[in-house]
Amino acid sequence: MSLLNARPLDFDATWKLLQSEVKMLVTDPTVGISNQKFVQCHTYIYKICTIPQGREGKPLADRLYYELKACLETICKRIAGDLLVSSSLLQLYLAKWNNFSVGLRCVDAIFDYLNRFWIRAHCQEGLIPEEGVYPSVLEMGTAVWRDNVQVIPVAQQMLEAMWIHICEGRKGALLEFSLIREILGVYRDLGSRPDSGRVYDSDFAGPFVQLTFQFYSQEAMELMAAQDFDAYALRAHESIASELAAASRFLLPETLPELCMACERAFIEEQKPWLQSIFEALLLQEDMREQLWRLYALLRRVDGALDGGRMSLFELISREGTAAMVALEEEAAAGESPQGISPSMFLSTFIERLEYYYTLVHESLEDDAEFLSAVAKALVVVVNSIKSCALLLAQHAHSVLDKHGAREREIGCDTVCALTDVVTCLKYVLDKDIFQESYVKLFAQRLVLDSSISQEAEEFMNDSLRSVCSPDFISRLQRMLADKVRSKELEDDFLDEYDEDRSVYGMHVLLLTAGTWPVSIPTPIPIPDCLRQGIEAFEAFYSSKHKGRRLSWMLQLGKAEVRGFFSRTYEFSVSMAQLCVLLAFNSASSLSFRELQTLTGFEEEELDQLLRSLARARLLLRVRTCDGGAQEEAGEGEGAKDRGGEEGKTDTCVLERSGEESEESERRCEETTMRVNDRYSNKKTRVRIIAHVVMSKRNKVRRDVELFPS
């Protein structure tokens, strides 16, 4: 049978039958619908949508759609009325929705033909959508529920009921949040209103977050009134953590960050000035590390809340560290440290402050990058408050790496730790060029005098300096070490070739590459006869190995081992200049100043310093001519003790010189005669004699260690 000859249906009678089925399904879906009834209803809908009806002679699909919509609206309004008077609002709402949603899916299946033809035709892409027409019966029914059940009075009562339920859980009641979670799932499924956005946001999430903020703001005010910041921080942490844990059981995940911000605003941002003042005060209290950590963990939740604390930490470290450095300077100026600030005291004071504050940041501030930066900037201020900080570090490194400096350090000092402390402090020094200039001179001194504790220690220090010094500086140190190694190889070849030549016995030569070593051209000293033949032999050997290269001997940088025969036999380590003076006494036991000057060729001032160094070591005694023609040994009868701890019978010859009148100085030189101390004694059989002794303004003897002048 064709559609043109199909018999029209009575729309009203047919709709009445369909309406009864729709009402039954959306109010009590448990009744269900039989297959026969389902097919019958589907056939009626097909005919309404396809067979022309009435005077106009067209299908009544549009009328069917709007009749169905009106039917659902009537049902939803009745549900809303029931909800407003119910004492079990949440349970009833969820039950009504479950019935409605299940029945609505069945109705959507019955009206499938309406969905596939009439509704699709009205919702085609590119056409102007018709108001009130939804893509399917299912979506239309959901919108009807949203517009007729989820109205303001119902939504307000629902929010109040859920809020009461949540507050009971905050007070410790054991509640199941599955009911609220399912209701919020309904809110999510209801989608968005054209004018107010998502139902979930407008009817619950937004108001709930605001109510939570007000709830915890009141609690924060009550806690702050007690002025117990530790209890406040504990309660704030617990409240935020418990709120988020509970809310995660029913809120949608996208709402949790907003809820967290509301809690933080209530506990932190609203009370930020009070919390910041306490935080800054806790930085000064060493026994409050745990409380400081809790407060830090609280404040870091809010952007900018810790800015004041970082500035306070910077100012605290700068103030305390600078005060400690000033105390060192004052102690040195008071005369307790005549040679200035002790490098070891300077470094230990700085490292102590560094470790203290970095430990503070690690334990209480969780190694916060901003706080670490504040500590680093403050330490730069502290270490550079001492103008000579770079020189002090170079001197301390030298005392660690030099064999003779070991006695100035504490017994058992770990060399690696000591060198690491130097590099750590150097990171904060601004004038690293000064450190490099001083360190390279001391490094050269250790290599030339062969006084390094070990090559491994030197290499470790060079590798450690890579992180703080320039590549050119490190390369220079490496070239100097390479010269040391190359010299040893060349020396071995030389001694092998001249093994039968006694003039080179015990001779050691160090070749320094010009331009690499910080060695200035020294004033030449006469070559002792005992060394001349060995030097000429080495020059001949070197010329045979390297054509066109020229050697410049720098005997001032060398040292010699001299054997002295007294009551015992001693070996003295002396400089080449001292060697020249001592060799002069092989021909006579006593010589005048002028005779020594003639024999050695030294200038008056330099010879005077050499004699002072040898007199201080008690190898030579100074004899003055008295006015009556008699002679006396200076200092005799003063009862000075020698280095061996025995009562000395000879003067230690600590010579005082005013330096104010040159004529008096010249007169003394003319009257001075030096003789060998034939009663020399020392507990040690190997004795190192300090190279130079010069006079300070206070007429006290000090050591001149500047072997590599600028």
Side-chain angles (χ1 to χ4, degrees), residues 1-79 96-150 189-194:
M1 180 179 67
S2 67
L3 292 177
L4 295 177
N5 298 325
R7 293 174 56 187
L9 294 175
D10 184 349
F11 181 85
D12 294 334
T14 304
W15 167 243
K16 187 174 181 180
L17 187 147
L18 293 173
Q19 185 181 34
S20 63
E21 293 297 331
V22 169
K23 289 181 179 181
M24 179 184 65
L25 288 172
V26 298
T27 54
D28 187 9
T30 58
V31 176
I33 184 173
S34 64
N35 289 336
Q36 181 180 1
K37 184 67 71 173
F38 182 90
V39 173
Q40 182 183 10
C41 291
H42 191 276
T43 302
Y44 288 155
I45 294 170
Y46 171 80
K47 290 181 178 181
I48 292 174
C49 293
T50 57
I51 298 176
Q53 307 284 338
R55 298 178 181 178
E56 298 180 358
K58 63 179 183 179
L60 300 178
D62 53 348
R63 182 180 174 186
L64 176 63
Y65 179 85
Y66 288 110
E67 288 288 352
L68 175 61
K69 184 179 180 182
C71 176
L72 293 176
E73 288 175 348
T74 302
I75 295 171
C76 287
K77 289 177 181 178
R78 187 182 308 115
I79 293 174
K96 292 290 186 181
W97 166 257
N98 288 336
N99 290 339
F100 184 83
S101 60
V102 172
L104 188 61
R105 284 194 291 272
C106 187
V107 171
D108 184 71
I110 295 173
F111 284 78
D112 180 62
Y113 195 83
L114 186 68
N115 286 335
R116 289 188 290 116
F117 291 93
W118 186 85
I119 292 179
R120 179 180 297 179
H122 284 71
C123 297
Q124 285 182 356
E125 186 177 356
L127 298 179
I128 299 175
E130 186 174 338
E131 185 178 357
V133 177
Y134 295 88
S136 67
V137 170
L138 181 62
E139 294 187 34
M140 181 262 288
T142 302
V144 169
W145 178 281
R146 182 180 65 231
D147 297 338
N148 294 274
V149 177
Q150 198 66 29
D189 295 339
L190 291 178
S192 302
R193 296 188 181 95

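Along the sequence shown, the residues carry numbers beginning at 1.
Rounding to the nearest 0.5 angstrom, the gap separating the CD atom in Gln19 from the CG atom in Leu72 is 10.0 Å. Atom CD of Glu73 sits about 11.0 Å away from atom OH of Tyr66, to the nearest 0.5 Å. Trp15 CH2 to Ser20 OG: the interatomic distance, rounded to the nearest 0.5 Å, is 9.5 Å. Atom CG of Asp10 and atom OH of Tyr44 lie 11.0 Å apart (nearest 0.5 Å). Within the model, atoms OG1 of Thr43 and CD1 of Ile48 stand 11.0 Å from one another, a figure rounded to the nearest 0.5 Å.
Shown here for Lys69 and Tyr134, the closest heavy-atom pair between the two residues is NZ-CE1, 4.4 Å. When every heavy atom of Ile110 is checked against every heavy atom of His42, the shortest pair comes out as O-CD2, 3.4 Å. Across all non-hydrogen atoms, the minimal contact from Cys49 to Ala61 is SG-CB, 3.8 Å. Across every non-hydrogen atom of Ser192 and Arg146, the tightest pair is O-CZ, 3.5 Å.
Under the rule for a side chain to side chain donor-acceptor pair (under 3.5 Å), the partners of Asp28 that lie at least two apart in sequence or sit in another chain are Thr30. Taking Glu21 as the reference, Met24, Ile33, Lys37, Cys41 meet the side chain to side chain contact (heavy atoms under 4.5 Å, CB included) condition, with sequence neighbours excluded.
By the 4.5 Å heavy-atom criterion applied to side chains, Asp108 and Leu104 are not counted as neighbours. Residues Phe100 and Cys76 are in side-chain contact: their nearest non-hydrogen atoms beyond the backbone lie under 4.5 Å apart. Within the 4.5 Å cutoff, the side chain of Glu67 has no heavy atoms near those of the Leu18 side chain. Counting heavy atoms from C-beta outward, Leu64 and Phe11 have side chains that approach closer than 4.5 Å. Two residues are said to be in side-chain contact when any heavy atoms from C-beta on lie closer than 4.5 Å; Ile75 and Thr27 meet this criterion. Taking 4.5 Å as the limit, every side-chain heavy atom of Lys47 sits out of range of all side-chain heavy atoms of Thr14. Residues Gln150 and Trp97 form no side-chain contact, since every pair of their non-hydrogen atoms from C-beta on lies 4.5 Å or further apart.
A distance-only check finds no donor-acceptor pair linking the side chain of Asn148 to the backbone of Thr74 [under 3.5 Å].
Other residues, nucleotides and ligands contribute at most 12 non-hydrogen atoms within 6.0 Å of the NZ atom of Lys77.
Ring pair Tyr65/Trp118 is tilted by interplanar angle, where 30° to 60° counts as tilted.
Between Arg63 and Asp12, at least one side-chain N (NZ, or NE/NH1/NH2) sits under 4.0 Å from a carboxylate O, which counts as a salt bridge.
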